[in-house]
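Encoded as structure tokens, the structure appears first; notes follow it.
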Amino acid sequence: MKVNLSDTRKIIQQYRNKKGTLIPLLQEIQAIYGYVPKESIELISKELLIYPVKIYGILTFYTQFYLTPRGKHTIIVCQGTACHVMGGKDILDYLSNKLGISEGETTKEGMFSLERAACLGCCGMAPVVVIDNNFYGMCDIQKVDALVKEYRSKEANR
Amino acid sequence: MIKNSQQLNAFAKEIQTKKEKYKGKTIAICNGSSCRALGADKITQLIRDEIKKHNLDVDVVNVLTTGCHGFCERGPLMIIQPEEIFYQKIKPEDVPEIITETIIDDRIIDKLIYNDPKTKKKIVYKPDISFYKKQMRLLFESNEHINPKKIDDYIGIGGYSALAKALTMEPEAIIEEILKAGLRGRGGGGFLTGWKWKFCRNEKNDTKYVICNAAGAFIARSISEGNPHSVIEGMIIGAYAIGAYKGYIYVRHGYPLAIENFNLAIESAKEFGILGQNILESGFDFEIVISRGCGEFIAGESSALIASIEGKAAIPRPKHIHATEKGLWNRPTLLNNIETWANIPFIINRGADCYASVGSEKSKGTKIFSLVGKVNSTGLIEVPMGITLREVIFDIGGGMINGKKFKAVQIGGPSGGLVPESLLDLHLDFDSLKEAGTIMGSSEMIVFDEDNCMVDTAKFFIKYLMDESCGKCTPCREGLVQMHDILCQITDGKGREEHLDMLQELAWGIANTSLCQLGKSAPNPVLSTLKYFKDEYETHIRDKKCPAGVCKALIEYIIDSEKCIGCTLCAKRCPVNAISGEKKNPHEIDPMICIKCGICYEVCPVNAVERK
Ligand SMILES: Cc1cc2nc3c(=O)[nH]c(=O)nc-3n(C[C@H](O)[C@H](O)[C@H](O)COP(=O)(O)O)c2cc1C
């Protein structure tokens with residue numbers, strides 16, 4: 001698939017000659033493409049004179065960045081301490097089993113990506129699952145099961 | 001635009017008078033992230049629609065969307081002022097009744113009030129709820145009275161008056177006041193804030209920075225979302241005291257509401273002349289920018305955070321040169337935790353003596369904790385330093401869920417120690433916690449009950465820290481992997497006697513030779529469980545049993561054929577079809593297929609499933 005680089009160019013223009021802006025720049029790139037495409041990295045490197053290794057260093061250090069396209073829906077299962085105590089690990093295991101993917105992966109048909117988070121900061125309603133910025137608190141296996149079904153049927157009805 | 005402190009004062013008076021004259025009701029709806037996740041934004045909209053439908057004038061009722069009230073577990077929450085009626089777990093279908101019954105007819109709606117899990121009593125008013133009763137909410141209380149998106153609301157409760165006062169003081173006098181108050185850093189280390197300010201003030205440099213560390217999770221999120229102006233006010237005062245002209249707020253990229261509210265707060269403060277040039281005609285200039293950071297745990301460490309703002313990977317550096325000397329872009333930098341900043345206006349306004357009258361001998365003021373895990377009431381609490389663990393867990397937290405037995409509480413986040421029942425009278429302050437083998441850290445309190453296995457818990461925390469280790473220094477990177485490996489062997493039933501000594505030895509090495517505090521504190525969960533729960537380790541190793549029934553390799557599920565009534569519920573719910581049997585006849589679990597998820601154990605209506 002060919003990546004349209006005109007957006008990358010626009011973003012690079014905004015960040016030219018400013019210091020300490022590599023992370024926000026990459027965040028914006030990802031907001032547009034859903035991940036950070038290789039072609040964008042090459043262009044940033046050339047335009048802003050940053051070695052690709054430095055950019056990859058940042059991208060692979062921070063879990064917020066993705067180097068491959070994402071599924072239509074990203075499911076994040078919080079694995080913070082509060083969520084762990086309340087059963088967050090079981091939920092992650094269950095989803096991983098059900099969707100047939102490990103964390104960081106995307107289902108074959110491109111519907112779901114599965115992620116974990118260190119802490120989503122809503123510990124009072126642990127365990128927490130986030131799907132596309134929608135927070136779901138006090139989850140259990142039945143609840144996430146229903147959620148997956150709901151998102152699937154939403155897509156099917158489109 | 002407010003030009004000077006007289007104008008600020010007059011404006012605040014104006015708002016206060018208006019408030020005092022107001023005779024109607026105010027519906028304060030929590031719109032913090034947790035309550036929103038439970039549907040608060042929808043409920044807010046419905047309330048507004050319903051008010052319109054009934055043609056209720058603003059003199060009768062107005063709606064206030066606030067930040068976090070703390071009692072997240074009961075969300076969505078609402079407080080109806082002035083009576084302070086506390087409604088919880090509100091559903092969209094409850095909204096019409098709230099308006100017709102409570103607002104119009106002054107009647108309490110029974111199903112929405114709080115039912116105390118301990119006393120089984122129904123409680124109508126917020127101050128009577130045990131979760132709030134023992135708290136001391138010096139910082140948090142205002143969350144219920146302001147819309148964080150409106151600077152007027154903050155000014156109306158006396159906001160920015162501390163700034164006006166500070167700008168008339170000598171910078172040294174401000175620092176003296178902070179020192180006298182005894183405020184210690186809320187980011188976990190407990191370093192005296194005044195000292196840090198003094199070091200930074202003494203640096204000779206034209207460019208200095210202040211940073212607000214809002215990288216934390218639950219607590220940082222609630223302050224950012226609920227009262228961003230209090231943080232900004234603290235930062236301006238700090239910047240004035242040390243002579244900085246630029247500040248950064250480091251917030252997690254994944255907390256959009258926190259970023260939005262900070263952005264709004266900065267913009268409106270600029271419009272009001274509280275940020276920018278010649279603040280309140282003092283001649284002092286200051287600007288604040290937001291740095292959208294990451295969710296990595298290590299990014300909260302001060303030098304890693306500074307690296308992240310500079311656009312690099314969040315990796316700590318050695319601390320022989322302090323940030324107060326060479327921090328961001330190698331300039332003197334004053335970095336404080338978000339809660340530390342939020343304490344500053346209070347100290348300047350009310351004076352160091354007033355502040356120091358709260359708390360314990362060496363830890364002054366209040367502290368916000370997140371209280372989660374197996375207690376009845378979970379959420380965010382603010383208590384005076386020095387309160388005992390027992391009061392927090394059993395009075396504020398309302399005791400254990402389902403009356404289970406308390407086993408341990410972990411304090412300070414993933415690298416905190418686990419504290420047993422015998423230490424429940426421990427005082428919550430920096431020094432007592434350290435003595436007990438844990439840390440103030442991120443001020444998280446996680447309560448464990450008899451169903452939690454301490455070896456498994458230690459393993460979980462080591463895994464967490466192993467994943468979050470930045471990998472720069474060997475002891476932390478490699479040591480934690482080794483530790484985790486040993487813990488896995490123990491929970492898999494392959495533990496050996498000598499493993500306990502090996503864990504001690506590794507812990508010593510990691511704690512004493514790691515570069516940053518992540519590695520230095522990482523062995524705490526293992527060390528504390530080895531100290532207080534050694535018997536659990538021994539049972540795993542010698543008897544190959546997990547007393548709490550958690551470690552899957554050491555348990556099995558069996559159906560008691562005498563008790564089984566053949567209802568087939570377990571077979572239906574088993575995710576891997578490991579259970580067979582005819583209807584109305586005893587069922588059986590095939591141990592070769594069973595994944596030990598425990599669902600059968602939970603669903604059996606006659607307790608025929610046994611865990612061994
Ligand atoms: C692994 C690790 C994570 C940390 N996370 C945070 C954090 O999320 N927020 C915070 O304020 N301090 C955090 N700290 C402490 C900071 O390094 C620093 O001490 C603190 O922000 C200083 O502010 P204070 O003096 O106001 O406490 C962390 C430290 C370590 C070692």
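Numbered from 1 within each chain, the chains take letters A, B, ... in sequence-line order.
At most 12 heavy atoms of other shown residues, nucleotides or ligands fall within 6.0 angstrom of atom CG in A/Asn17. Around NZ of A/Lys46, the count of heavy atoms belonging to other residues, nucleotides or ligands within 6.0 Å does not exceed 12. Heavy-atom contacts from other residues, nucleotides or ligands closer than 6.0 Å to NZ of A/Lys143 number more than 12. Heavy-atom contacts from other residues, nucleotides or ligands closer than 6.0 Å to CG of B/Asn402 number 12 or fewer.
In this model, a donor atom of one side chain and an acceptor atom of the other lie less than 3.5 Å apart for B/Glu444 and A/Thr81.
Using a 4.5 Å heavy-atom threshold, the side chains of B/Arg252 and A/Gln64 count as separate. Residues A/Ile141 and B/Arg573 fail the side-chain proximity criterion, which asks for heavy atoms closer than 4.5 Å.
The nearest pair of heavy atoms linking B/Ala314 to A/Phe61 is O-CZ, 3.0 Å. Shortest non-hydrogen contact noted between B/Phe218 and A/Gly121 is CD1-O, 3.3 Å. Across A/Val85 and B/Asn452, no two heavy atoms sit closer than the pair CG1-ND2, 4.3 Å.
Both the backbone and the side chain of B/Glu73 have a heavy atom closer than 4.5 Å to some heavy atom of chain A. Proximity to chain A (any heavy atom under 4.5 Å) is restricted, for B/Ile446, to the side chain, taken from C-beta onward. Of the atoms belonging to A/Ala82, heavy atoms from both backbone and side chain fall under 4.5 Å from chain B. Looking at B/Ile298, only its side chain comes within 4.5 Å of chain A, counting heavy atoms on both sides. Residue A/Ala118 touches chain B through both its backbone and its side chain, counting heavy-atom pairs closer than 4.5 Å. No part of B/Cys597 comes within reach of chain A, as not one of its non-hydrogen atoms sits under 4.5 angstrom from that chain.
Annotation: maximal heavy-atom pairing with chain A below 4.5 Å, among B/Trp329, B/Phe297, B/Tyr255, occurs at B/Trp329. Of the listed residues (B/Gln410, B/Lys312, B/Arg74), the one with the most heavy-atom contacts under 4.5 Å to chain A is B/Lys312. Note on B/Cys72, B/Ala37, B/Gly379: by heavy-atom pairs under 4.5 Å with chain A, the leading option is B/Ala37. With chain A as the partner, the residue from B/Gly311, B/Ser291, B/Gly471 showing the most heavy-atom pairs under 4.5 Å is B/Gly311. The choice from A/Leu22, A/Leu120, A/Asn134 that makes the most heavy-atom pairs within less than 4.5 Å of chain B is A/Leu120. Your options are B/Phe460, B/Phe71, B/Phe461, B/Tyr464, and the one with the most heavy-atom pairs under 4.5 Å with chain A is B/Phe460. The residue among A/Met138, A/Met86, A/Lys89, A/Met125 with the most heavy atom pairs within less than 4.5 Å of chain B is A/Met125.
Without hydrogens or angle criteria, A/Gln27 side chain to B/Arg292 main chain gives a donor-acceptor distance under 3.5 Å.
Summarising the geometry, atom CG belonging to A/Asp93 is positioned 9.0 Å from atom CD1 belonging to B/Ile595; distances are rounded to the nearest 0.5 Å. With values rounded to the nearest 0.5 angstrom, B/His253 atom NE2 is found 6.5 Å from A/Gln30 atom CD.
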TODO: Starting from the C-alpha separation in whole Å, work towards a yes-or-no answer on side chain to side chain contact (heavy atoms under 4.5 Å, CB included) for B/Asp467 and A/Arg116.
DONE: CA-CA 12 Å; B/Asp467 289 344; A/Arg116 63 187 270 152; 3.5 Å; yes
Open item on the list: Before you tell me yes or no, could you show the steps for A/Tyr62 and B/Ser308 under side chain to side chain contact (heavy atoms under 4.5 Å, CB included), namely the whole-Å CA-CA distance, both residues' side-chain angles and the distance that decides it to 0.1 Å?
Closed with: CA-CA 10 Å; A/Tyr62 293 112; B/Ser308 183; 3.1 Å; yes
